[in-house]
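Worksheet: the structure to be examined is printed underneath.
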Amino acid sequence: MATLHGQHHHKNQASSSSVVVVMVPFAAQSHLNQFLQMAYVVSSHDMPVHFVSSALHNSQVKSRASNSTQQSVKIHFHDLLVPLNRYAKTKASKNQIYFEITMSLRQPVAALLRSLSLTARRLVIIYDILMASAVQDVVSLPNAEAYVFNCASAFSAFAIRCNVLGQNHKIPTKEVPLAKSCSTSFERAVVIYQGIMSYYKAGVLNNSCRAIEGPFLEQLANDNNSGKKMWAVGPLHPTTTNFQELRDKHKCLLEWLDKQEPKSVLFISFGTTVTFSDEQVREIALGLEQSGVKFILVLREEDKLYHLSDEQGRKPKLPNAFEDRVKEMGKVVRKWVPQVEILGHPSTGGFLSHCGWNSCMESITMGVPIATWPMKWDQPFNAVLITEVLKVGVAVMEWRQRDEVVTSSRISEAVRKLMASEYGDEIRKRVVDMGEAVKQSIAEGGDSRSEWDSFFAHITREGSSVKYHKIRSFVLKLFNSVIEFLVPLLFGLKRF
């Protein structure tokens, strides 16, 4: 099955050539990766694409990409200057620092947008909802329009909306967590603030597809009272795994996988922002050992916050002699690994995951069932979608047990249920079928392909982008005067 990236070119190149696209992602790996994959798709339509982040994160996302580095050549990367030194000795939380940095990026982003708008017929900005405040000056540019990109699942957006409005009866399962249990009050306040700042959006892009989330995409469309256009353009990641560059880089690991039986290996990875206690790491290791299932365990420290100079990483500790005992059945990896390549390998039969939406989409597309262990944000909702709604996974940790240490026996039981039981075989067949449907959606005539066609037709249309931009610019100034006064009160922040 061919991949979406690079194979689908817009028919009206003369029209699209005067459209310039700017990507503004949030600086977390899962968000950066989704934006980069989207940048590959857009650049394949002969539109200039500008990718805006810090030098560190631009370098990081390119080095971790599953695609050929040649594809990145078509994308213009802009390294914004992030004021790191002012945060080096602060006692503020990581999320407070992220928020402060995002707020500081408004001026450089505005300057870049103004510069690019001078030579474009239309400037199209695709931004992360958490970066809405950095992109707000788009309203002052008469030839610019902005689209918010939703990195989370449609189900999580729908369930949270039902949760907040007291309409849980609309959700097709009773096993739904409370939205306020999945994040801190500060994190929720930031999301609300950025949502308010996103009032200027011209439409919404979702990294999802009808083959996985059809009913929930429909619900979001039906509940869309703003009249803004919505598109479901997932999956964004490559759907084939013949990346020779990655094979050369991770030769030992992939050659070990080549030698294993089909569907026999469990891949364990908890993303780039998770840190476990030594006690929990011990239980994970013993649970895998007790299960008797072959595995690849990615055990690395979380990505550092902007690599601040005094930030100390903590290396997770495994039980004594663990790696020696399991050397015939498993691999422990302490660095970043090519997740799509591993999930797409014939020997991989299961994925123990934190249920980030990026990981869920990749696993389903590759036909790999999931053992769910959610941590925060949308992940508890994604876990419910996987286990209770789609029924393509099993739970390792139920959200109500989030404050407990997950024991080795519970881990072993869930792993064996996924990898060595009739139920595991049943859900594996279901997810393989779903993965094929996802791949079909990006083929000619498929749903996702049609959504992309619709989006590109929209942004390359003739005519003016924004009406009444002078009025909107005035409203923005008035709005910001109020917001700048309220932000310190709402968030309890002091400038560092």
Examine the side chains of [X] and [Y] and answer whether a donor and an acceptor come within less than 3.5 Å of each other.
{"X": "Ser156", "Y": "Ser153", "answer": "yes"}
{"X": "Ser353", "Y": "Trp373", "answer": "no"}
{"X": "Ser409", "Y": "Gln290", "answer": "no"}
{"X": "Glu213", "Y": "Ser208", "answer": "yes"}

Where the side chain of [X] meets the backbone of [Y], is there a donor-acceptor pair that is under 3.5 Å apart?
{"X": "Ser359", "Y": "Cys355", "result": "no"}
{"X": "Ser269", "Y": "Val298", "result": "no"}
{"X": "Asn163", "Y": "Ala179", "result": "yes"}
{"X": "Asn222", "Y": "Glu218", "result": "yes"}
{"X": "Ser115", "Y": "Ala111", "result": "no"}

(Q) Is any side-chain heavy atom of Val389 closer than 4.5 Å to one of Phe381? (A) no
Check your understanding: Should Leu141 and Leu123 count as side-chain neighbours, where that means a heavy-atom distance under 4.5 Å?
Key -> yes
Using 30° and 60° as the class boundaries, would you call the ring planes of [X] and [Y] parallel, tilted or perpendicular?
{"X": "Phe455", "Y": "Trp452", "value": "perpendicular"}
{"X": "Phe216", "Y": "Phe158", "value": "tilted"}
{"X": "His76", "Y": "His50", "value": "parallel"}

Which value, rounded to the nearest 0.5 Å, describes the distance between [X] atom [atom1] and [Y] atom [atom2]?
{"X": "Gln379", "Y": "Ser30", "atom1": "CD", "atom2": "OG", "answer": "8.5 Å"}
{"X": "Ser43", "Y": "Met23", "atom1": "OG", "atom2": "CE", "answer": "8.0 Å"}
{"X": "Ser53", "Y": "Leu105", "atom1": "OG", "atom2": "CG", "answer": "8.5 Å"}

What verdict does the side chain to side chain donor-acceptor pair (under 3.5 Å) test give for Gln401 and Arg410, after you've listed the backbone C-alpha separation in whole Å, the side-chain angles of each residue and the deciding distance to 0.1 Å? CA-CA 12 Å; Gln401 303 164 322; Arg410 194 192 312 166; 3.2 Å; yes
**Report entry** Stacked cation flag Lys331 on Phe295, 6.0 angstrom / 45 deg
**Finding:** no
Original post:
So, for Phe26 and Tyr127, is the gap between ring centers shorter than 6.0 Å?
Top reply: no
Side chain to side chain donor-acceptor pair (under 3.5 Å) test vs Tyr147 passes for just one of Lys201, His458, Lys229, namely His458
Sidechain N-carboxylate O distance under 4.0 Å for Lys174, Glu388: no
Flag if over 12 foreign heavy atoms under 6.0 Å of CZ, Arg402: yes
(request) Answer yes or no: are there more than 12 heavy-atom neighbours, outside Arg282 itself, under 6.0 Å from its atom CZ? (result) no
